[in-house]
Visitor: 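Quick one: this structure, given as structure tokens, is what I'll be asking you about.
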2 protein chains.
Amino acid sequence: MPVCWLTPDFQPVDEAPSGLQFGDGLFETLLYEDGRLRLWPLHWSRLLRGMATLGLSPPPSENALLAHLGQKLRDTRVAIIKLMVVRHSGQRGYACGTDWRLSIQVHPHRPDPPRDVSVCTLDQTLSGHGLGGIKHMNRLEQILAARELAGRAWEGWLRTPQGEVVEGIRTNLLLIDREGRWFLPDCSRWGVNGTMRALVSDCLSGRNQSVYNSPVPADVLAGTCSAAVMNSIYGVLPVTELDGSPLQTELLASLITEINARIQKVSITLKLKP
Amino acid sequence: MPVCWLTPDFQPVDEAPSGLQFGDGLFETLLYEDGRLRLWPLHWSRLLRGMATLGLSPPPSENALLAHLGQKLRDTRVAIIKLMVVRHSGQRGYACGTDWRLSIQVHPHRPDPPRDVSVCTLDQTLSGHGLGGIKHMNRLEQILAARELAGRAWEGWLRTPQGEVVEGIRTNLLLIDREGRWFLPDCSRWGVNGTMRALVSDCLSGRNQSVYNSPVPADVLAGTCSAAVMNSIYGVLPVTELDGSPLQTELLASLITEINARIQKVSITLKLKP
């Protein structure tokens, strides 16, 4: 679909932002359903962190953005919303001003969750170049990983250069090994710190569940007993098969029930303007 | 300036390619002057290599592209041309089809070379994620480096995570240390294998000059005696100052003379269509 660009004050502009030439921007993908923007506070705070990291001037107003969204969504029941913030200098070359443009894409449907969640581990590595955690637009690693995945499974897990597993192409991961250890890899250096991951992390803290936050070493991965993948659209999904071997899903059932209940509390109601 | 998008057969299309959301593309920046496209064979072969690496279908015809350029440039004496090739799947998410769109930007002027070329070394590191050498559009490292450089010098040199110097933000580098050793860092793992770098490498081979192709370790950098930076627009420029200390430029004078003579031989004459 064609992408429209707006100034920070929501005025449409003809020219696409120059930062598109270098992936010099950020995005957030979030679910809107029955008047509520899911996990909005977590998306908004990650976007602010990312803009500070890239040296973009902060957005003028959260309320103005929500009001603008309320106008766009007034005839919609469910949608996946993609927000993009891209640097705009108007110049050729690696210019680095603080100005930016905004795009708001509304996809008025929600994909069905998969019946079975198969995962395979990929050879694709992640680089940790000081941009870990934020959801920037330099995503060639994910594109190459998607090529490697191509039909092998529903999701693929990416590694550090040392071979430890960090995250999926479009999900974060939770893993339980045969010794009963839980792993929820931290993505502040490698990968993307997902909003659903933050909710799961908070939930596990409340249960006093001790969790390893490091990437998953190869020997731990070999002893995987249960696993889940998670993102802002699908929530938490139990993994049914990892690298061709079936996994148990019962261990995660009560956690998933709790997360589904908490998701509503970490969402906001959007005022739908006529 | 607004960017127009074309199919591989040069038909204009309204929709910008979806790969722009992820920096999923390649670019070449080259000089056109007095009917000649400088270093064209080197740009073309790097673009083909990059397209193969990203899994994009090969361009239908080099001659058709040159004919199209010949039409666009028929009233122009000098220009910087930016070619972009960006994946287009038309879908949301990390889709990885082989289709692509093309943009040809013509900037009808050539920047004056700087009178003095000051360089400083930067803290910004480069990641080596299997995409080394090609000129892809995931350039946040260069953007962050440009922010770090901001007015300190004309160019900044970037490092590996181990602290060795590889290249500049927009140039490759050549360095001679006090022991008379020459360094022309290879950029097939880190950074961009520049077209002018390829010409310099070939020229040094012809002179039987032994050259280290590895990144420059910190102790070698500290003993720098002479250095040059190079790219497709400026050619080879002697560095006059490195991290605040003056460098000798005489050692490079004959090499620069030779390169300037050879540039013309590695250029092609464009047929300008009426």
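Note that the structure is a prediction, hence the values are computed from the model and not measured. Heavy-atom basis, side chains included; hydrogens, waters and symmetry copies ignored. First the proteins, then the strands, lettered A, B, ... as listed; each starts at 1.
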Visitor: Mind listing the closest non-hydrogen atom pair of Gln105(B) and Gln21(A) along with its distance?
Guide: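 Closest approach of Gln105(B) to Gln21(A): NE2-OE1, 3.4 Å.
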Visitor: Output the distance between atom CZ (Arg87(A)) and atom CD1 (Ile143(B)), rounded to the nearest 0.5 Å.
Guide: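 Reported to 0.5 Å precision, the distance equals 6.0 Å.
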Visitor: If you take all heavy atoms of Arg147(B) and Ala52(A), which pair is closest and at what distance?
Guide: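 What the structure gives for the nearest pair is NH1-O, 4.4 Å.
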Visitor: Just verifying a value: how many Å separate Gln142(A) CD and Tyr94(B) OH, rounded to the nearest 0.5 Å?
Guide: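 Rounded to the nearest 0.5 Å, the CD-OH separation comes out at 4.5 Å.
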Visitor: Less than 4.5 Å to any heavy atom of chain A: does that hold for the side chain of Asp14(B), its backbone, both, or neither?
Guide: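 Interface part for Asp14(B): neither.
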Visitor: Counting only heavy atoms closer than 4.5 Å, note whether Thr53(B) contacts chain A via side chain, backbone, both or neither.
Guide: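 Interface part for Thr53(B): backbone (N, CA, C, O).
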Visitor: Can you give me the closest heavy-atom contact between Ser127(B) and Ser127(A), atom names plus distance?
Guide: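 Looking at all heavy atoms of both residues, the closest pair is CB-CB, 3.3 Å.
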Visitor: Kindly compute the distance separating CZ (Phe22(B)) from CZ (Phe27(A)), expressed to the nearest 0.5 Å.
Guide: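 The CZ atom of Phe27(A) is 5.0 Å from CZ of Phe22(B), to the nearest 0.5 Å.
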Visitor: Looking at Gly19(A), Ser103(A), Cys96(A), Pro161(A), which makes the most heavy-atom pairs under 4.5 Å with chain B?
Guide: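 Greatest number of close heavy-atom pairs with chain B: Cys96(A).
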Visitor: Taking the side chain from Asn138(B) and the backbone from Arg139(A), do they hold a donor-acceptor pair closer than 3.5 Å?
Guide: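 Judged by distance alone, yes, a pair lies under 3.5 Å.
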Visitor: Please name all residues satisfying ring-ring contact (aromatic ring centres under 6.0 Å, His included) with Tyr32(B), sequence neighbours left out, ordered by chain then number.
Guide: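 So Tyr32(B) forms no ring-ring contact (aromatic ring centres under 6.0 Å, His included) with any residue.
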Visitor: Top residue by heavy-atom pair count (under 4.5 Å) with chain A, among Leu20(B), Asp24(B), Ile169(B)?
Guide: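 Maximum pair count with chain A is reached by Asp24(B).
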Visitor: Check ring-ring contact (aromatic ring centres under 6.0 Å, His included) between Trp44(B) and all other residues, then give those that pass, not counting sequence neighbours.
Guide: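 Partners of Trp44(B) under the ring-ring contact (aromatic ring centres under 6.0 Å, His included) test: Trp40(B).
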Visitor: Tell me, side chain or backbone of Ile80(B) under 4.5 Å from chain A's heavy atoms, or both, or neither?
Guide: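 Contact with chain A involves the side chain of Ile80(B) alone.
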Visitor: Are side-chain heavy atoms of Arg92(B) and Thr29(A) found at a separation under 4.5 Å?
Guide: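 In short, these two side chains touch, coming nearer than 4.5 Å.
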Visitor: Report which part of Ala95(B) has an atom under 4.5 Å of a heavy atom belonging to chain A: side chain, backbone, both, or neither.
Guide: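 Backbone only.
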